[in-house]
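Following: one structure in structure tokens, then a few remarks.
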Amino acid sequence: MLPIVAQIKIAAAQAINHLYPAAAVTDETILVNETKPEFAGDYTVVLFPFVKSLRQNPAVLGKAIGEYLLAHYPLFTAHETVAGFLNLTVADTELAAFLNHSYNDTQYGQKESNGQKVMIEYSSPNTNKPLHFGHLRNNFLGWSVAAILKANGYEVIKANLVNDRGIHICKSMIAWMRYADGATPESTGIKGDHLVGDYYVKFNDVYKREIDTLVTQGMDKEKAEKEAPIMLEAQELLRKWEAGDPEVYALWQKMNSWVYQGFDASYKKLGIDFDKMYYESDTYLLGKAIVEEGLAKGVLFKKDNGSVWIDLTADGLDEKLLLRADGTSVYMTQDLGTARLKYNDFHMDRSAYVIADEQNYHMQVLKLILQKLGEPCAEGIYHLSYGMVELPSGRMKSREGTVVDADDMVAEMIALAREQALEAGKTEDFAPEEQERLYDMVGLGALKFYLLRVEPRKKMIFDPKESIDLHGFTATFIQYAHVRICSVLRKNEIAYGQFTLGEGLAPLEKSLLLKIEQYPSILDQAAKEYNPSLVCNYAFQLAQLFNSFFAVHSINQAESEEKRQLRLMLVTMIGNVIRHAMSLLGIEVPQKM
RNA sequence: GGUCCGGUAGCUCAGCUGGAUAGAGCAUCAGCCUUCUAAGCUGAGGGUCAUUGGUUCGAAUCCAAUCCGGAUCACCA
């Protein structure tokens, strides 16, 4: 069934074209809004755009269109024109039919396959330190966008490009060699990613001290930064790694394996997963072939020292280096190669990269270069850029130890959920494992919702001193609405079936049905915009409406059996939509809390 | 300096393909549990939509300029 708003547009266009044959309006030109609460009606057609071209005053125009619509479309039962706005009332019977048809469809909102394939690359961690709060935004966004696209009929490949090589890993390695005395996750009981991260921090401590020492001895700071012994050793490790030194390689593998064990545990706790893993140690040499082809095509050029560049000044950008004078590749070179590799693996229609906005320029250049090189993957590339999560004091810096650790944050949120549940005192009769499951759902849900409810593009500031709320615009609020629905449905054994509409819908019943009817359109928009915050907002508004309804109307003690049936079906459907919407955010909903 | 992004209530954010008196949550204040879960509901106060100009019947929304904040422009990743 076509969304009501779309039906209204088509109907209104038809009405206008019928009444004023010269008008030739199309349904896209019709603007439909929700009617403001202070006026009678559900949806409003804005008449101003046609007032001039049709040379009619708004009142006459509205009356004519309204009458035509009522006469020809059972969708409407009333119309009223106020100051250029044609307010239309949707028929209760239409909404009743909609409810009868869909109330028990747990997949309501899910669309059929559209034959499109899209890759979402997200997470893409460095293997020298554990995940922090900022990474959580990336992971939740990527996972949720993938779920939203799936719900809209896309085939989705969730990809993770692990940055498992490079100087940063060597820093952890050298510090471990110097100071760890063979410490392992097993021997210390420290989670692997945290252990490796500790040595990354250690490296930076020692590095700073060595610089200070050199400066005290009279070296200038810039030179000291380059010549600090531990830095030279890290660089030497990187050279050995690239040369395939077996010992270095073995240590690298060992330490990475610790990190992966840690990441796996974190991902599992967070409910994050992937369909395809890429590793930079496999891909970092890719891209050189593309550069050679680009040179042959004349898209790229070589400078006197042998370095290879592309000139993007005509596009308002700069010249960009693609190969160093010594023939080694840079970050961009790899990304060109990886883009081609991904495309050859999957031939997807779109390829989205979930990467923080600090790389906006890089991603813009990447796409542009691929386009100029005529790579088939180029057009599908989309940068899902998101704002960084900052502390009140500014950006998190792992080197300075100001990061909010992801595992800690998760544990704190679950602890908070437990605390508030105990305060509410409603979970005492739960089995212990049932309690733990609930605290996980509430704590993790609150965390995910907090990070997803803001439009991705916007940066967010998180103050660790203030805990994430479990009231108001939160996952907990929505979970609680679901719990109330489950509770009602548990206590009302009814013979489900079609209900007949005698006495009409109460305003809140109608608002809820209209809201539910909008769900597929919301999913549509969320997919188009790669924007889970729309789903957050929608789920919250639905829960809010439900709570208002719940406070005013009794289901159990409904005015009539017919009403009871209607409300049971209505809340069944609300529950289904809430569960479905939350699942797209990676948030589970409990049955009791 | 060039480019890009943001600026809406004390705080955190919706609204931005132009439409009616700009909305939520938090915080503050006042009410509501003998009746389906009060992790809830109802109400109140709180606004120069950064500023100025323009386009328009109509601008938080579009355009221009300015101010503020951030990112980026490496033979780093």
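Heavy-atom basis, side chains included; hydrogens, waters and symmetry copies ignored. Chain A is the first sequence line, chain B the second, and so forth, proteins listed ahead of strands; every chain is numbered from 1.
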- Report yes if a side-chain nitrogen or oxygen of Ser548(A) is closer than 4.0 Å to either non-bridging phosphate oxygen (OP1 or OP2) of U42(B); otherwise report no. yes
- Message: Would you say His471(A) places a side-chain N or O within less than 4.0 Å of OP1 or OP2 belonging to G40(B)?
- Response: yes
- Message: Without decimals, in angstroms, what is the distance between Met460(A) CE and U12(B) P?
- Response: 11 Å
- Describe the nucleic acid contact of Phe39(A) in one word from base, sugar-phosphate, nothing, applying a heavy-atom distance below 4.0 Å. base
- Message: What's the gap between A20(B) and C4(B) when it is taken at their P atoms, as a whole Å value?
- Response: 31 Å
- For the pair made of CG in Asn547(A) and C1' in G40(B), what is the distance, rounded to whole Å? 6 Å
- Message: Quick check on A14(B): is either OP1 or OP2 less than 4.0 Å from any side-chain nitrogen or oxygen of Gln541(A)?
- Response: no
- Query: Does a side-chain N or O from Lys52(A) land closer than 4.0 Å to OP1 or OP2 of C57(B), or not?
  - Reply: yes
- Task: Would you indicate, yes or no, if C36(B) has its OP1 or OP2 atom less than 4.0 angstrom from a side-chain nitrogen or oxygen of Arg567(A)?
- Result: no
- Query: Ring centres of Phe85(A) and Phe48(A) under 6.0 Å apart?
  - Reply: yes
- Task: Give a yes/no answer on whether the side chain of Arg484(A) brings an N or O atom under 4.0 Å of OP1 or OP2 in A38(B).
- Result: yes
- Task: Check the distance between A20(B)'s P and Leu31(A)'s CG and give it to me in whole angstrom.
- Result: 10 Å
- Message: I want to check one thing: is the phosphate of G7(B), taken as OP1 and OP2, less than 4.0 Å away from some side-chain N or O of Lys459(A)?
- Response: no
- Is the phosphate of G6(B), meaning OP1 or OP2, less than 4.0 Å from a side-chain N or O of Lys458(A)? no
- C33(B) glycosidic conformation (syn if within 90° of 0, otherwise anti) is syn
- Side-chain donor-acceptor pair present, Ser385(A), Asn360(A), cut-off under 3.5 Å: yes
- Measure distances between side-chain N and O atoms of Asp335(A) and base N and O atoms of A77(B), and say whether any donor-acceptor pair falls under 3.5 Å. no
- Begin with the C-alpha distance, continue with both residues' side-chain angles, and end with the deciding distance and a verdict on ring-ring contact (aromatic ring centres under 6.0 Å, His included) for Tyr382(A) and Tyr353(A). CA-CA 6 Å; Tyr382(A) 174 76; Tyr353(A) 294 69; 9.7 Å; no
- Taking C36(B), G19(B), A77(B) as options, the one with an atom nearest any side-chain atom of Val488(A) is C36(B)
- Item | Distance-only donor-acceptor test, Thr35(A) side-chain atoms vs A20(B) base atoms, 3.5 Å | no
- Query: Does a nitrogen or oxygen in the side chain of Arg457(A) sit under 4.0 Å from OP1 or OP2 of G6(B)?
  - Reply: yes
- So what does Ala83(A) hit on the nucleic acid, given a heavy-atom distance under 4.0 Å: a base, only sugar-phosphate, or nothing? nothing
- Nucleotide of C41(B), G19(B), C13(B) approaching Phe48(A) most closely (side-chain heavy atoms): G19(B)
- Query: How about Trp241(A) and Tyr284(A): are their ring centres within less than 6.0 Å of each other?
  - Reply: yes
- Task: Indicate yes or no: does Glu38(A) engage Lys36(A) in a salt bridge with an N to O separation below 4.0 Å.
- Result: no
- Query: More than 12 non-hydrogen atoms from neighbouring residues, nucleotides or ligands closer than 6.0 Å to CZ on Arg239(A), yes or no?
  - Reply: yes
- Query: On RNA chain B, nearest-nucleotide positions of Tyr331(A) versus Pro49(A): which is more 5'?
  - Reply: Pro49(A)
- Look at all strands and tell whether Val483(A) reaches a base, only sugar-phosphate, or nothing, counting heavy atoms closer than 4.0 Å. base
